[in-house]
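Quick notes on the structure that follows.
Residues: numbered from 1 along the sequence shown. None of the values given here were measured: they were computed from a predicted structure. Whatever order the structure lists ligands and atoms in, that order sets their numbers, starting from 1.
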Amino acid sequence: EADLAMYRAKQMGRDQYSFYNDELAIANRRKREIETFCSSDSYLSAIRLVYQPIYCLMSNRLLGFEALLRIHDDKLGTISPLEFVPIIEDMAKISDVGLHVAKLAAHFCASVNLDTSNQLFVNVNVSPKQLKNNELLNWLESQNVISRSLLQLEITESAMMENQADIIPILECISDAGYHLLIDDFGTGYSSLARLKALPLNGLKIDRSFVNDLSSEAGLQIVKAICAIAKALNLTIVAEGVENTDQQSTLIDLHVDKVQGYLFSKPLECKDATELVNTQQYRQIA
Ligand code: C2E
Ligand code: MG
Ligand code: MG
Ligand code: MG
């Protein structure tokens with residue numbers, strides 16, 4: 001019996017080992033395929049953005065959007081930004097991609113604000129690695145597609161903290177130029193209050209994992225603490241990943257400013273986002 005158990009354990013170990021090896025081989029092959037795809041001259045044209053609405057929590061008014069990267073290739077299928085961004089960073093092409101994303105987002109922003117009574121912002125996600133050269137900064141300082149306060153940059157807390165020394169001077173320039181900066185996925189990195197205070201921030205986004213955990217007492221206390229930090233630093237608060245009305249009402253109690261999540265809307269194709277803006281406008285007039 002003991003032998004049998006031993007045999008089973010060994011067998012299982014071997015199966016898991018080869019399973020792991022298969023997984024690894026598949027992941028490596030896909031990574032190489034994506035690298036090949038990104039080495040072509042035309043990969044930038046496969047990039048498009050979807051736009052997830054961000055609402056005022058108190059009034060339900062549409063305030064703006066977050067632009068999210070989407071890539072589709074007939075052979076590779078859909079490539080998630082979570083998969084794509086690290087690869088493109090390693091290929092040292094993140095600043096090309098980031099600039100392209102910023103330009104697309106700026107044009108979308110200009111188009112939804114053609115009616116000058118609109119002041120809708122568009123947030124773009126920025127990788128600190130794309131700030132290692134001045135391409136984005138130069139473009140930001142010279143573009144006249146949109147008013148600067150309407151293009152906001154999101155940088156994840158973890159990436160910000162890892163690259164803090166290098167990027168603070170660049171963030172200062174971006175902020176001085178009139179752009180707003182938000183710290184993304186807040187609570188998942190390790191920033192001290194002192195380090196946060198040293199950054200030219202306008203807002204903070206509470207990570208989806210904390211919103212998801214609002215129904216537990218500990219989760220609620222954590223979000224309360226995040227809100228207290230935001231208030232202390234005079235930052236506006238966006239809660240991301242809001243999926244149900246329980247979360248919504250808790251966030252109202254906590255005086256969170258803005259919300260984003262499937263409860264309100266999934267990320268929208270450009271034309272659907274534009275249509276939302278138009279119907280929203282109609283509602284306000286009516
Ligand atoms: P993020 O900036 O935190 O973006 C929010 C992510 O949560 C998006 O995933 C969005 O589709 C998803 N989401 C929004 N609401 C809900 C919800 O209610 N429930 C759930 N389960 N998910 C929700 P996505 O589009 O897959 O993007 C993943 C991450 O990739 C982003 O996280 C961002 O860090 C990064 N990313 C996206 N676009 C870009 C880009 O243009 N440049 C860079 N550097 N990173 C990007
Ligand atoms: Mg983001
Ligand atoms: Mg986020
Ligand atoms: Mg997140």
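Taking a 6.0 Å sphere around NZ of Lys197, one finds it holds 12 or fewer heavy atoms contributed by other residues, nucleotides or ligands. Residue Asp253 qualifies as enclosed at atom CG: its count of foreign heavy atoms under 6.0 Å is above 12.
Salt bridge Arg30/Glu83: present, at least one basic N to carboxylate O contact under 4.0 Å. Electrostatic pairing of Lys129 and Glu89 counts as a salt bridge here, judged by a charged N lying under 4.0 Å from a carboxylate O. Between Arg48 and Glu269 there is a salt bridge, since a side-chain N of the basic residue sits under 4.0 Å from a carboxylate O of the acidic one. Using a cut-off of 4.0 Å between Lys/Arg side-chain N and Asp/Glu carboxylate O, Arg208 and Glu243 are scored as not salt-bridged. Between Lys31 and Glu35 there is a salt bridge, with a side-chain nitrogen of the basic residue lying less than 4.0 Å from a carboxylate oxygen of the acidic one.
Considering backbone and side-chain atoms together, Ser80 places no N or O closer than 3.5 Å to any N or O of ligand 1. The shortest N or O to N or O distance between Glu243 and ligand 1 is under 3.5 Å. At least one N or O atom of Arg208 sits closer than 3.5 Å to an N or O atom of ligand 1. On a distance-only criterion, Leu69 and ligand 1 share at least one N/O pair closer than 3.5 Å.
Using a 4.5 Å cut-off on side-chain heavy atoms (C-beta onward), Glu157 and Asp185 make no contact. Side-chain contact between Gln130 and Glu135 is absent, with no heavy atoms from C-beta onward closer than 4.5 Å. The closest side-chain heavy-atom distance from Phe210 to Thr188 is below 4.5 Å. With contacts defined as side-chain heavy-atom distances shorter than 4.5 Å, the pair Val238/Ile206 does not qualify.
Listed by number with element, the atoms of ligand 1 under 4.0 Å from a non-hydrogen atom of Asp184 are 1 (P), 2 (O), 3 (O). Short contacts between ligand 1 and Ser127, defined as distances under 4.0 Å to a heavy atom of the residue, involve ligand atoms 44 (N). Applying the 4.0 Å criterion to heavy atoms of Leu82 picks out, from ligand 1, the atoms 28 (C), 29 (C), 30 (O). Remark: ligand 1 atoms within the under-4.0 Å shell around heavy atoms of Gly261 are 15 (N), 18 (O). Residue Pro267 approaches ligand 1 through these ligand atoms, each under 4.0 Å from one of its heavy atoms: 11 (O).
At least one N/O/S atom of Asn125, whether from backbone or side chain, sits less than 2.8 Å from the Mg ion (ligand 2).
The option from Leu68, Val126, Asn125 that lies nearest to atom 39 (C) of ligand 1, judged by heavy atoms, is Asn125. Atom 15 (N) of ligand 1 has its nearest heavy-atom neighbour, among Gln260, Gln52, Glu240, in Gln52. Heavy-atom proximity to atom 37 (C) of ligand 1, evaluated over Ala67, Pro81, Ser265, Gly241, is greatest for Pro81. Closest heavy-atom approach to atom 3 (O) of ligand 1 within the set Val101, Val97, Val124, Asp185: this belongs to Asp185.
Ring orientation note: the planes of Phe65 and Phe108 are nearly perpendicular, at an angle over 60° on the 30°/60° scale.
For the Mg ion (ligand 3), the nearest N, O or S atom contributed by Asp185 is named OD1. Considering just the N/O/S atoms of Glu154, the one nearest the Mg ion (ligand 2) carries the name OE1. Nearest N/O/S atom of Glu66 with respect to the Mg ion (ligand 2) is recorded as OE2. The nearest N/O/S atom of Asp184 to the Mg ion (ligand 3) is OD1. Here the N, O or S atom of Glu240 that is nearest to the Mg ion (ligand 3) is OE1.
To the nearest 0.5 angstrom, Cys173 atom SG is 7.5 Å from Ile170 atom CD1.
Heavy atoms of Lys205 stay at 4.0 angstrom or farther from ligand 1. Residue Arg70 places a heavy atom under 4.0 Å from ligand 1.
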